[in-house]
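Both counts, for ligands and for their atoms, begin at 1 and track the order of listing.
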Amino acid sequence: MTLYSRVRPLAFKLPAETAHDLGKRTLRAAQSTWPTRNALAAAYQYDHPALEVDLFGTTFPNPVGVAAGFDKNAEVTHALEALGFGFVEIGTVTPYPQSGNDRPRLFRLREDEAMINRMGFNGQGMERVKSRLETDGTPGFPLGVNIGKMNSSSESEAIEDYRRVFDRLSPFADYVVVNVSCPNTPEEFDEGSPEHLRAIFEMLEAENDADKPILVKIGPDSPDDSILDLVDIVQEFGLDGIVATNTSTTRDGLESPNQEEWGGLSGKPVEDRSTAVIRTIAEYTDGDVPIIGVGGVDSAGAAYEKIRAGASLVELYTGFVYEGPSTAKRINQGLVELLERDGFASIEDAVGAGLE
Ligand SMILES: Cc1cc2nc3c(=O)[nH]c(=O)nc-3n(C[C@H](O)[C@H](O)[C@H](O)COP(=O)(O)O)c2cc1C
């Protein structure tokens with residue numbers, strides 16, 4: 001029995017966001033001194049050469065990262081590194097602070113190993129995030145920065161929002177993600193329309209003197225042909241990759257009473273659709289566009305399936321909540337076993353191995 005399996009029933013008695021805040025405060029305290037940070041690393045880090053992934057001009061020590069939304073304000077990047085993750089995507093960061101939607105806005109669906117959230121881009125804004133990255137220092141593993149617009153922004157103001165956050169935070173980032181797929185922010189216009197996406201990418205192309213890798217994060221709910229239209233635009237602009245996928249507005253086959261809540265569904269119920277989106281993109285592009293796979297990853301098997309479907313890296317949020325601090329270590333140990341079983345020398349050799 002792990003410590004987390006004893007702590008989890010207590011944490012799950014608290015409202016989900018309260019438990020999340022408490023968990024983050026614990027991680028922030030743990031990362032603030034070297035002895036506690038080193039103790040976490042000694043307990044949870046697992047290194048193996050087969051796990052290393054060279055991508056976006058940097059080396060990921062392993063392919064298992066923390067998805068956007070967990071550490072919106074870059075408060076616990078060092079603790080997440082000590083817990084054995086291979087990278088973290090902070091954000092979504094907006095230009096100014098935003099309080100998001102009213103609480104409660106985060107719900108567990110225990111029977112479904114899922115969550116529903118309608119946080120609505122709550123965050124401290126880019127200046128706080130920038131000064132925290134300066135004060136704390138960037139972590140020793142790759143850092144992704146997920147950027148978004150203010151909820152109140154019009155279509156043209158949104159372009160300016162992305163420009164501001166990109167300029168402020170891209171110097172700290174190993175890769176930047178444009179998030180146009182949040183299902184729980186007010187939509188005054190169609191964020192995913194080809195015209196709007198082109199306007200964003202044109203602006204970023206002009207701003208990106210340092211040649212930072214830029215990716216776009218997509219949702220799981222659009223039909224495949226709309227997803228492929230977006231992939232065409234990604235290729236037209238020579239973007240560096242796609243994060244697939246964000247949360248879902250579907251509710252098929254759920255058991256938990258909390259399925260009635262509105263917001264984005266994450267965890268096990270989105271796993272298969274997310275993997276299918278990864279496969280569709282990888283097949284369409286012949287593996288030429290790197291994919292970060294996210295949605296329902298909570299085990300080595302789930303991570304491996306996304307990698308075989310074409311993901312070069314995976315990320316998770318809900319699986320971390322359900323499985324606790326040893327999540328990354330367990331997944332990475334399991335991945336090494338799966339690679340050995342199937343005769344792959346490295347993760348990179350297994351990327352897309354399950355495609356026709
Ligand atoms: C509480 C919560 C907040 C999230 N906030 C963001 C966010 O700010 N930006 C973003 O791109 N994705 C956000 N996500 C989506 C996750 O990054 C991820 O795409 C999704 O949860 C599917 O992964 P999972 O099944 O491992 O949770 C959030 C997810 C949750 C559960």
Enumerate the atoms of ligand 1 whose separation from the nearest heavy atom of [X] is less than 4.0 angstrom.
| X | value |
| --- | --- |
| L106 | 1 (C) |
| T245 | 19 (O) |
| L316 | 26 (O) |

Distance-only side-chain donor-acceptor flag, [X] / [Y], under 3.5 Å:
| X | Y | answer |
| --- | --- | --- |
| N179 | S181 | yes |
| T185 | N151 | no |
| D232 | Y284 | yes |
| Y4 | E323 | no |

Identity and separation of the nearest protein heavy atom to [atom]:
| atom | value |
| --- | --- |
| atom 16 (C) of ligand 1 | A68 O, 3.4 Å |
| atom 26 (O) of ligand 1 | Y317 N, 2.9 Å |
| atom 8 (O) of ligand 1 | K72 NZ, 2.9 Å |
| atom 23 (O) of ligand 1 | V294 CG2, 3.3 Å |
| atom 5 (N) of ligand 1 | G69 CA, 3.2 Å |
| atom 12 (N) of ligand 1 | K217 NZ, 3.1 Å |
| atom 15 (C) of ligand 1 | N246 OD1, 3.5 Å |

Nearest heavy atom to [atom] wins, so pick from [options].
| atom | options | result |
| --- | --- | --- |
| atom 20 (C) of ligand 1 | N146, T94, T247 | T247 |
| atom 21 (O) of ligand 1 | S266, G296, G91, G295 | S266 |
| atom 24 (P) of ligand 1 | T318, V321, D298 | T318 |
| atom 31 (C) of ligand 1 | M115, E113, E89, H20 | M115 |
| atom 10 (C) of ligand 1 | V297, N179, N122, V178 | N179 |

Exactly one of I90, V129, V93, N122 should register a side chain to side chain contact (heavy atoms under 4.5 Å, CB included) with N73. Which one does? V129
Does the R273 side chain pair with the main chain of P220, one donor and one acceptor, at a distance under 3.5 Å? yes
Ignoring hydrogens and angles, tell me if any N or O in the side chain of D221 forms a donor-acceptor pair with the backbone of T249 under 3.5 Å. yes
Measure the distances from the heavy atoms of C182 to every atom of ligand 1 and state whether one is below 4.0 angstrom. no
Classify the angle between the aromatic ring planes of [X] and [Y] as parallel (below 30°), tilted (30 to 60°) or perpendicular (above 60°).
| X | Y | result |
| --- | --- | --- |
| H20 | F70 | perpendicular |
| F60 | F87 | perpendicular |
| F320 | F85 | perpendicular |

Does the gap between the ring centers of F12 and Y322 come in under 6.0 Å? yes
Indicate yes or no: does an N/O atom of T92 lie under 3.5 Å from an N/O atom of ligand 1? yes
So for ligand 1, is N117 a polar contact partner (N or O within less than 3.5 Å, distance only)? no
